[in-house]
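Structure record follows, encoded as structure tokens.
Counting starts at 1 for both ligands and their atoms, following the listed order. All heavy atoms count here, side chains included; hydrogens, waters and symmetry mates do not. Nothing here was measured: the structure is a model prediction, and the numbers come from that model.
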Amino acid sequence: MEAQIFLFQVYSNSIITPIQKPKKPYFISLLSSSSPSSSQIVKPNRVSFKTLYPISSQSESSINRLRCRNRSREVKAVSGDIEDPRTRVRKNLAVFVSGGGSNFRSIHEAILRGSVHGEIAVLVTNKPGCGGAEYARDNNIPVILFPKMKEKPDSLSANDLVTALRRYKVDFILLAGYLKLVPIELVQAYPRSILNIHPSLLPAFGGKGFYGMKVHQTVIASGARYSGPTIHFIDEHYDTGRILAQRVVPVLANDTADELAARVLQKEHQLYVEVAAALCEERIVWREDGVPLIRNKENPNDYS
Ligand SMILES: Nc1nc2c(c(=O)[nH]1)N[C@@H](CN(C=O)c1ccc(C(=O)N[C@@H](CCC(=O)O)C(=O)O)cc1)CN2
Ligand SMILES: NCC(=O)N[C@@H]1O[C@H](COP(=O)([O-])[O-])[C@@H](O)[C@H]1O
């Protein structure tokens, strides 16, 4: 009922706030992933979150770094020093869940302890009674029901959801155990801004039908010796978007699916917090070939 009341409020007051297209900065092709020294400027075919300019004739410490700010902010050049991420406007996150929401909870707890400089503006779920939705309500985080449920024909359409997320000034969307296909309208409305966590080393063991315990059961049955979480940007298909980060865990000879799932989930919680922190601190850079990288917080010349 609560979710239903909220839906009415959002829908009746929805205002489409046009996203200001950021100026198209140049971005760099990292020919060697460890250092931007052997670099060249290439014309971007898509805007990147973060822009590095090639080293000028001076030493590395004089690297000009152009921070491509997100949507509502100007492009600003800083030279050499790294701004304190805490002085930046915090990013607004939307989290999508369908189940227990332990990844959602670990990200929220990281925000509360100051490890992630963002805010969870809204939770989206197709299961209003799930554990993630319950945690959101207990923590005064608005909950939106999507997609439509058969018994609730007046819930949001894809375009209504885009409007609602714009209203919350959402910068990035984090899927965390969300079991429905995100529609193309949302994927196109949030380019290079929607992440998903999957409990295997993609591209293996992914795609339609591969979710939850099915993934771990298939990994064990395959004889694979390693598994682990993958975080990727999404496209309009299941699990085929650009991989951003992975962690590896061993698959033991006598593992049950539950034991493997627990080992992977522990790594998921760590990895999603690291990725959310990098996202909110604008430490994501896009290589010329379209592969996203995370710039190391302590050493800006290191990428992973
Ligand atoms: N546009 C995208 N949407 C979603 C993606 C994505 O990569 N692109 N990832 C999924 C999450 N996911 C794997 O990480 C995933 C979730 C669900 C399924 C699946 O087969 N779902 C079933 C329905 C299950 C249900 O309703 O209980 C199905 O579609 O038949 C596969 C992969 C989130 N969305
Ligand atoms: N293919 C999607 C998929 O299987 N996602 C998986 O669902 C679980 C959600 O747990 P949580 O609700 O406790 O975060 C996580 O293990 C996540 O990788």
> Heavy atom of V97 under 4.0 Å from ligand 2?
Replying inline: no

> Of I294, N296, V285, which is the lone residue that meets side chain to side chain contact (heavy atoms under 4.5 Å, CB included) with Y303?
Replying inline: V285

> Which protein heavy atom lies closest to atom 17 (C) of ligand 2, and at what distance to 0.1 Å?
Replying inline: E268 OE1, 3.3 Å

>> Is it the case that ligand 2 has an N or O less than 3.5 angstrom from some N or O of G177?
In response: no

>> Does the Lys NZ or Arg CZ of R166 fall within the cation-pi geometry relative to Y190 - under 6.0 Å from the ring centre and within 45° of the axis?
In response: yes

> Heavy atom under 4.0 Å from ligand 2: found in L265's side chain, backbone, both, or neither?
Replying inline: side chain

Do any nitrogen or oxygen atoms of ligand 1 lie under 3.5 Å from a protein nitrogen or oxygen, and which ones?
residue	atom	partner	partner atom	Å
ligand 1	1 (N)	V182	O	3.1
ligand 1	1 (N)	D235	O	2.8
ligand 1	3 (N)	V182	N	2.9
ligand 1	7 (O)	H237	O	3.2
ligand 1	7 (O)	D239	N	2.8
ligand 1	8 (N)	D235	O	3.2
ligand 1	8 (N)	H237	O	2.8
ligand 1	14 (O)	N196	ND2	2.7
ligand 1	14 (O)	H198	ND1	3.0
ligand 1	14 (O)	D239	OD1	2.9
ligand 1	20 (O)	G209	N	2.6
ligand 1	21 (N)	L179	O	3.3
ligand 1	21 (N)	Y238	OH	3.4
ligand 1	26 (O)	K180	NZ	3.1
ligand 1	29 (O)	K208	NZ	3.2
ligand 1	29 (O)	Y238	OH	2.7
ligand 1	30 (O)	K208	NZ	2.8
ligand 1	34 (N)	K180	O	2.8

> Looking only at N/O atoms, are N103 and ligand 2 under 3.5 Å apart anywhere?
Replying inline: yes

> Nearest to atom 1 (N) of ligand 2 by heavy atom, H269, H216, H198: which?
Replying inline: H198

>> Tell me whether D255 is salt-bridged to R263, with the criterion being a basic N under 4.0 Å from an acidic carboxylate O.
In response: yes

> Does some side-chain heavy atom of F146 sit less than 4.5 Å from a side-chain heavy atom of N126?
Replying inline: no

> How close does the nearest protein non-hydrogen atom get to atom 4 (O) of ligand 2, and which residue and atom is it?
Replying inline: G212 N, 2.8 Å

> Any side-chain heavy-atom pair from V264 and E268 closer than 4.5 angstrom?
Replying inline: yes

>> What protein heavy atom lies closest to atom 13 (O) of ligand 2? Include the residue and the distance to one decimal.
In response: S102 OG, 2.5 Å

> Heavy-atom count around Q266 CD within 6.0 Å, excluding the residue itself: above 12?
Replying inline: no

>> Between H216 and S227, is there a side-chain donor-acceptor contact under 3.5 Å, judged purely by atom types and distance?
In response: no

> What atoms in ligand 2 come closer than 4.0 Å to a heavy atom of G100?
Replying inline: 12 (O)

> Are the charged groups of E134 and R105 less than 4.0 angstrom apart, N to O?
Replying inline: no

> Is the shortest side-chain N to carboxylate O distance from R295 to E281 below 4.0 Å?
Replying inline: no

> Is any side-chain heavy atom of L175 less than 4.5 Å from a side-chain heavy atom of I234?
Replying inline: yes

> What's the shortest distance from atom 12 (O) of ligand 2 to any protein heavy atom, and which residue and atom give it?
Replying inline: G101 N, 2.8 Å

> For ligand 2, which atoms have a heavy atom of I197 less than 4.0 angstrom away?
Replying inline: 5 (N), 18 (O)

>> If you measure every N or O of F210 against every N or O of ligand 2, does any of those distances drop under 3.5 Å?
In response: yes

> Is there a side-chain contact between L186 and L165 (heavy atoms, below 4.5 Å)?
Replying inline: yes

>> Ignoring hydrogens and geometry beyond distance, is a side-chain donor-acceptor pair present between H108 and S106 at under 3.5 Å?
In response: no

> How close does the nearest protein non-hydrogen atom get to atom 3 (C) of ligand 2, and which residue and atom is it?
Replying inline: P199 CD, 3.6 Å

